[in-house]
Number of protein chains: 2
Amino acid sequence: MPERTELRLTPQRGAVLEVLKAADDHPTAAEVYERVRVAAPGIGSATVYRALALLVATGHALELSLGDGTAARYDANTSRHDHAVCERCGRAADIDHPVPDGMVAEIARRSGFTITGYDLQFRGLCPDCQTTGAGQDPGRWA
Amino acid sequence: MPERTELRLTPQRGAVLEVLKAADDHPTAAEVYERVRVAAPGIGSATVYRALALLVATGHALELSLGDGTAARYDANTSRHDHAVCERCGRAADIDHPVPDGMVAEIARRSGFTITGYDLQFRGLCPDCQTTGAGQDPGRWA
DNA sequence: GTGATACTGAGACTCGTTCTCAACGAGCCT
DNA sequence: AGGCTCGTTGAGAACGAGTCTCAGTATCAC
């Protein structure tokens, strides 16, 4: 009873996985595409998107939506972890500090939801960006 | 950079704010646009996007990125709260259960980030979808 | 009224992503 | 070898969400 039809580990898919494993940042699909073209010139962006979707579906990668409307980012670290995202440069740092089980259970009880997972993302300034200060006032209603 | 000038509360912006206040769900910009057109026919989508961005910037609304690649959603409940998102119907329920300050401080210390906020989103099945088991309605929800 | 400027709607545009489609190729039969 | 099936590919069109541009309008201070 094959769960799905057979999948091939093609050179293109292998290259995408290699790029993701080698990345210590959290590249976007476009960045993965750029890097993969070194190892697999001629690869199409559609193939990269397909490979990334496949890696996510098979549990070999995590897809991060950093929630600021920018492109999705990918992470070869598939263990449970969260992220801190810099509001200035967009860099995402890994955070390994899970939400207490008790809190999840309490929220499930109060909301009536069956909780299957969560995404926790911190916003702020990364150490690099803290040194260069700036800010902006959105104004107020007349 | 030029100094910020005064903002006007125009009928269009008022209509957008009213729609948001009246919504008990978490409408997308497109849904807000649809509803606003009842009160303000002829309003353009660009105006709705601009008004929503302004409401978010001035603290009159919250923008939610549900992290699944779908459109951003808006919430007139501006007090600190999180969301539980149903994986089947897409509905988002409000969760009022803040992350402990100590945990935020610990993560700031470990990551080196200056944490200005966070987004916590639970995934799971809402009470309705738990009972109706085999739902596959990707469509709208009231 | 006049001038400055904030705001508007329409639509073109960008961006990230998915879809379509014809061609390719690995594996399996004869 | 030849033929077949079907997963995979690259190119580019298409899509949805959101932003930008621009000319016209509204509102304010004087």
Side-chain angles (χ1 to χ4, degrees), chain A residues 2-17 26-58 61 63-74 90 92 137-142, chain B residues 1-17 19-20 26-58 60-61 63-74 90 138-140:
Chain A
E3 190 164 277
R4 65 177 77 233
T5 55
E6 196 172 323
L7 294 175
R8 294 184 195 146
L9 180 55
T10 63
Q12 290 90 340
R13 290 177 182 173
V16 169
L17 184 52
H26 299 81
T28 64
E31 286 164 348
V32 171
Y33 177 43
E34 284 301 313
R35 297 174 199 180
V36 163
R37 286 204 291 179
V38 176
I43 192 172
S45 62
T47 301
V48 172
Y49 277 102
R50 281 185 290 234
L52 286 171
L54 214 48
L55 290 172
V56 170
T58 54
E63 182 177 352
L64 321 176
S65 299
L66 263 35
D68 52 355
T70 59
R73 291 172 178 277
Y74 295 85
D137 177 6
R140 59 209 126 56
W141 293 113
Chain B
M1 244 189 144
E3 270 186 32
R4 210 58 177 81
T5 51
E6 203 166 316
L7 297 174
R8 293 184 194 149
L9 180 53
T10 63
Q12 289 89 343
R13 289 176 182 176
V16 169
L17 184 52
V19 162
L20 224 46
H26 301 81
T28 64
E31 286 164 349
V32 171
Y33 177 44
E34 283 299 314
R35 297 175 199 180
V36 164
R37 285 204 292 179
V38 175
I43 192 172
S45 63
T47 301
V48 172
Y49 277 103
R50 281 184 291 234
L52 287 170
L54 216 47
L55 290 171
V56 170
T58 55
H60 289 77
E63 182 177 352
L64 323 176
S65 299
L66 264 34
D68 52 354
T70 59
R73 292 173 178 276
Y74 295 87
R140 68 190 62 240

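Keep in mind that this is a model prediction, so the values were computed, not measured. Labels below follow one simple rule: chain letters A, B, ... track the order of the sequence lines, proteins then strands, and each chain is numbered from 1.
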Taking donor-acceptor contacts at under 3.5 Å, does the side chain of B:R50 reach the base of D:dG18?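 There is none.
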Establish, for the pair A:R37 and A:Y33, whether the NZ or CZ atom is under 6.0 angstrom from the six-membered ring centre and no further than 45 degrees off its axis. yes
From [atom1] of [X] over to [atom2] of [N], roughly how many Å is that when rounded to an integer?
{"X": "B:Y49", "N": "D:dA17", "atom1": "OH", "atom2": "P", "result": "7 Å"}
{"X": "B:L7", "N": "C:dT8", "atom1": "CG", "atom2": "P", "result": "11 Å"}
{"X": "A:L54", "N": "D:dG7", "atom1": "CG", "atom2": "P", "result": "13 Å"}
{"X": "A:R37", "N": "D:dA11", "atom1": "CZ", "atom2": "C1'", "result": "13 Å"}
{"X": "A:L9", "N": "D:dG7", "atom1": "CG", "atom2": "P", "result": "17 Å"}
{"X": "B:L52", "N": "D:dA17", "atom1": "CG", "atom2": "P", "result": "14 Å"}
{"X": "B:I43", "N": "C:dC7", "atom1": "CD1", "atom2": "P", "result": "13 Å"}
{"X": "B:Q12", "N": "D:dT27", "atom1": "CD", "atom2": "P", "result": "9 Å"}

Please check if the side chain of A:T58 supplies one atom and the backbone of A:L54 the other of a donor-acceptor pair under 3.5 Å. yes
Decide yes or no for [X] and [Y]: does some side-chain heavy atom of the first lie under 4.5 Å from some side-chain heavy atom of the second?
{"X": "B:R73", "Y": "B:E63", "answer": "no"}
{"X": "B:T28", "Y": "B:Y74", "answer": "no"}
{"X": "B:L20", "Y": "B:L52", "answer": "yes"}

Nearest to the side chain of A:A72, which nucleotide is it out of C:dT17, D:dG10, C:dC19?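 Nearest listed nucleotide: C:dT17.
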When all nucleic acid strands are considered with a 4.0 Å heavy-atom cut-off, which category describes A:A71: base, sugar-phosphate, or nothing?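 The answer is sugar-phosphate, as A:A71 gets under 4.0 Å only of primed atoms, P, OP1 or OP2.
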For D:dT9, does either OP1 or OP2 sit under 4.0 Å from a side-chain N or O belonging to A:R8? no
Are OP1 or OP2 of C:dT8 and a side-chain N or O of B:T10 less than 4.0 angstrom apart? yes
Taking the nucleotide of DNA chain D with the nearest heavy atom to each, does B:P11 or B:A29 sit closer to the 5' end?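 Final value for this comparison: B:A29.
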